[in-house]
Trainee: 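If you scroll down you'll find the structure; I have some questions about it.
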Protein chains: 2
Amino acid sequence: MPVTYLAINKTMFLHFRDKFPQLNVFWDKYLPFQTRLEVPTKTILLEEGKISQNYIFIEKGCVRTFFNNNGEEKTVQFFFENEGLTSFDSFVNNIPSQCAIETIEPSVIYLLPKQYVTQMIEELMHEQNFAQMMLQMFAQRQTHYINEFISFIRDTPEQRYQNLLRERPHIVQRVPQHYIASYLGVTTVHLSRIKSKIAKGKAHF
Amino acid sequence: MPVTYLAINKTMFLHFRDKFPQLNVFWDKYLPFQTRLEVPTKTILLEEGKISQNYIFIEKGCVRTFFNNNGEEKTVQFFFENEGLTSFDSFVNNIPSQCAIETIEPSVIYLLPKQYVTQMIEELMHEQNFAQMMLQMFAQRQTHYINEFISFIRDTPEQRYQNLLRERPHIVQRVPQHYIASYLGVTTVHLSRIKSKIAKGKAHF
DNA sequence: GCCGGACGATAACATATGTTATTAAGTTCA
DNA sequence: TGAACTTAATAACATATGTTATCGTCCGGC
């Protein structure tokens, strides 16, 4: 069971602030229990195989999640400022995470211990529109993963790179190329070829 | 936005019967509103681009979901007896489905019109453990799609076929090979090569 | 300033996969 | 039964992608 990401994070809170203003109260309430950390690049925030003990919120910087496959690292996802993540499986089922979480820039992060996350969800369950909120949050996460899945079925690595350039250019700008190659499912050599090919195609004399 | 599948179906009901016995009441209550259909192979149950109007439950037979990509059909998923499906996006957002749904065997299916599904969810929201139920249901669906996604990142088409043989042999047995090729993301020719290679590897003299 | 390591481009070659065409076996239906 | 169609295997060739190696640049530590 790989890592999935808990839908309840600050991004969601910000996103649903208008629809569900009561969320602000909860976010503020749990702020004091968070630990602020300043960490350098390549800091492991969660090791593969460990049970996640914290909800991670990114104030500054960015992180990636990845797993080890026969000595080769496979990058699954990137997270940036004002995004939060944790292992859904670890939280719901208390099992080891299949993915590691690592910073790829010097970052400022906040850790909210598991017990408070559980507590916050418990409290949230008594809210009026909780079910509706959950539906929308999960639909959003699910849509993300299905789109990734569909993209692998439908698109070539070159098309996937073009999609990334078009839809999430900040990733291409900020993330080292070998992580992007791993995310696209190709080698660094081939990503380099793809870039070269695109550059030649765009060149006009 | 591609098709995703509503987590609330009979499989879920059967699966969660012990934990949430109150579900049986709901399932029974909505049985009378379902239409029974006997349909031949290659019956389109939902066209790509149409808004899904029914929740589909399979009593006998099997179906696939697929989308058209430059004239080439890409199979996304297979469903069998006692499984239910519909377009999550169509239901939540009333938008056209990106996938078509088609029988690949003579089948017996039940259709529950959209209005009753909505009504059932509304009623379910007032149940005691609804939030808990939703969490588990969505976690399960999400895990499925993430596993598909991870499998594309990690495995070669041959490994994906071996996984299919090992974990879901009923698919290989019942589904025509060209649909499986499309599901694995390769051509029929290459799947044939893979099978041939595996057969030679297994041969012993 | 020098050095070593991380990152990225490129070349040469190997392997995997796609494309097209051909053949054959099984199915459906008149 | 025969004709048309679907499905699957195979061959020959084309393209995409992986592997290994080399080179150059940039950057941080000393």
Side-chain angles (χ1 to χ4, degrees), chain A residues 39-44 62 64 66 69-75 78 102-106 151-165 171-203, chain B residues 39-44 62 64 66 69-75 78 102-106 151-165 171-203:
Chain A
V39 295
T41 303
K42 295 202 177 179
T43 303
I44 299 286
C62 63
R64 69 176 183 127
F66 66 97
N69 186 51
N70 302 327
E72 187 188 16
E73 289 183 356
K74 300 282 190 176
T75 299
F78 303 105
E102 179 191 63
T103 57
I104 55 182
E105 279 181 13
S151 170
F152 265 100
I153 294 180
R154 183 188 49 208
D155 305 326
T156 63
E158 177 177 340
Q159 285 172 319
R160 280 168 55 71
Y161 182 69
Q162 298 265 25
N163 294 345
L164 210 59
L165 273 177
I171 292 184
V172 181
Q173 286 155 15
R174 288 178 64 173
V175 175
Q177 189 168 317
H178 56 287
Y179 294 143
I180 293 179
S182 146
Y183 170 72
L184 293 175
V186 297
T187 60
T188 57
V189 175
H190 193 61
L191 177 52
S192 205
R193 269 197 291 247
I194 289 172
K195 287 180 69 172
S196 162
K197 184 181 166 194
I198 291 173
K200 276 173 195 157
K202 274 188 182 167
Chain B
V39 295
T41 302
K42 296 200 177 181
T43 304
I44 298 285
C62 63
R64 69 176 180 126
F66 66 96
N69 186 50
N70 302 328
E72 186 189 17
E73 288 183 359
K74 301 281 190 176
T75 299
F78 302 106
E102 179 191 64
T103 57
I104 54 182
E105 279 181 11
S151 169
F152 264 99
I153 293 179
R154 184 187 49 209
D155 304 326
T156 63
E158 178 177 340
Q159 285 172 319
R160 280 168 55 72
Y161 182 69
Q162 297 266 25
N163 294 346
L164 210 60
L165 274 177
I171 291 184
V172 181
Q173 285 154 16
R174 287 178 65 172
V175 175
Q177 188 167 319
H178 56 286
Y179 295 143
I180 291 179
S182 147
Y183 170 72
L184 293 176
V186 297
T187 60
T188 58
V189 175
H190 192 61
L191 177 54
S192 205
R193 269 195 291 247
I194 288 171
K195 288 180 68 172
S196 162
K197 184 181 166 193
I198 290 174
K200 277 174 196 158
K202 275 188 182 166

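Convention: sequence-line order gives letters A, B, ...; per-chain numbering from 1.
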Trainee: May I have the distance from B:D155 (atom CG) to C:dT17 (atom P), rounded to whole angstrom?
Mentor: 12 Å
Trainee: For A:Q177 and A:S192: C-alpha separation, side-chain torsions, deciding distance, then whether side-chain contact (heavy atoms from CB on, under 4.5 Å) applies.
Mentor: CA-CA 9 Å; A:Q177 189 168 317; A:S192 205; 4.2 Å; yes
Trainee: When you match B:V175 and A:P157 each to their closest nucleotide on DNA chain D, which lands nearer the 5' end?
Mentor: B:V175
Trainee: I want to verify a distance call: between D:dA12, C:dA9, C:dA12, whose nearest atom is closest to the A:Q177 side chain?
Mentor: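 When the side chain of A:Q177 is considered, C:dA9 is the closest of D:dA12, C:dA9, C:dA12.
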Trainee: When A:E105 is tested against each of A:C62, A:P176, A:P40 for side-chain contact (heavy atoms from CB on, under 4.5 Å), which residue passes?
Mentor: A:C62
Trainee: Please state how far atom CD in A:E158 lies from atom P in C:dG18, giving the value in whole angstrom units.
Mentor: 16 Å
Trainee: Under 4.0 Å from OP1 or OP2 of D:dA9: is there any side-chain N or O of B:K195 that close?
Mentor: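 For B:K195, the contact criterion (side-chain N or O under 4.0 Å from OP1 or OP2 of D:dA9) is met.
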Trainee: I need the NE2-P distance between A:H190 and C:dA9, as an integer number of Å.
Mentor: 13 Å
Trainee: Can you find a heavy atom in the side chain of B:I104 that is under 4.5 Å from one in the side chain of B:F78?
Mentor: yes
Trainee: Whole angstrom is fine here: how far is it from NE2 in B:H178 over to C1' in D:dC5?
Mentor: 12 Å
Trainee: Is B:Y161 close to B:I198 at the side-chain level, that is, under 4.5 Å between some pair of heavy atoms?
Mentor: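 Answer yes - side chains close enough.
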Trainee: Within this structure, what is the CD1-to-P distance between B:I104 and C:dT27, rounded to whole angstrom?
Mentor: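 Interatomic distance, CD1 of B:I104 to P of C:dT27: 17 Å.
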Trainee: Figure out the OH/P separation between B:Y161 and D:dA8, and round it to whole Å.
Mentor: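 After rounding, the reported distance stands at 10 Å.
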Trainee: Take A:L164 and A:Y183 through the test side-chain contact (heavy atoms from CB on, under 4.5 Å) and record every step on the way to the result.
Mentor: CA-CA 11 Å; A:L164 210 59; A:Y183 170 72; 3.9 Å; yes
Trainee: Which of the following nucleotides, C:dT10, C:dG18, D:dA9, is nearest to the side chain of B:S192?
Mentor: D:dA9
Trainee: Nearest to the side chain of B:T156 - D:dT10, C:dT17, D:dG18?
Mentor: C:dT17
Trainee: Find the distance B:I194:CD1 to D:dT10:P and express it as a whole number of Å.
Mentor: 14 Å
Trainee: Of all the choices, C:dA12, C:dG18, D:dA9, which nucleotide is nearest to the side chain of B:T187 once you look at every atom?
Mentor: C:dG18
Trainee: Can you tell me how far P of D:dG18 sits from CD of A:E72, to the nearest Å?
Mentor: 9 Å
Trainee: Reading DNA chain D from 5' onward, which residue's closest nucleotide shows up sooner: A:V189 or B:K42?
Mentor: B:K42
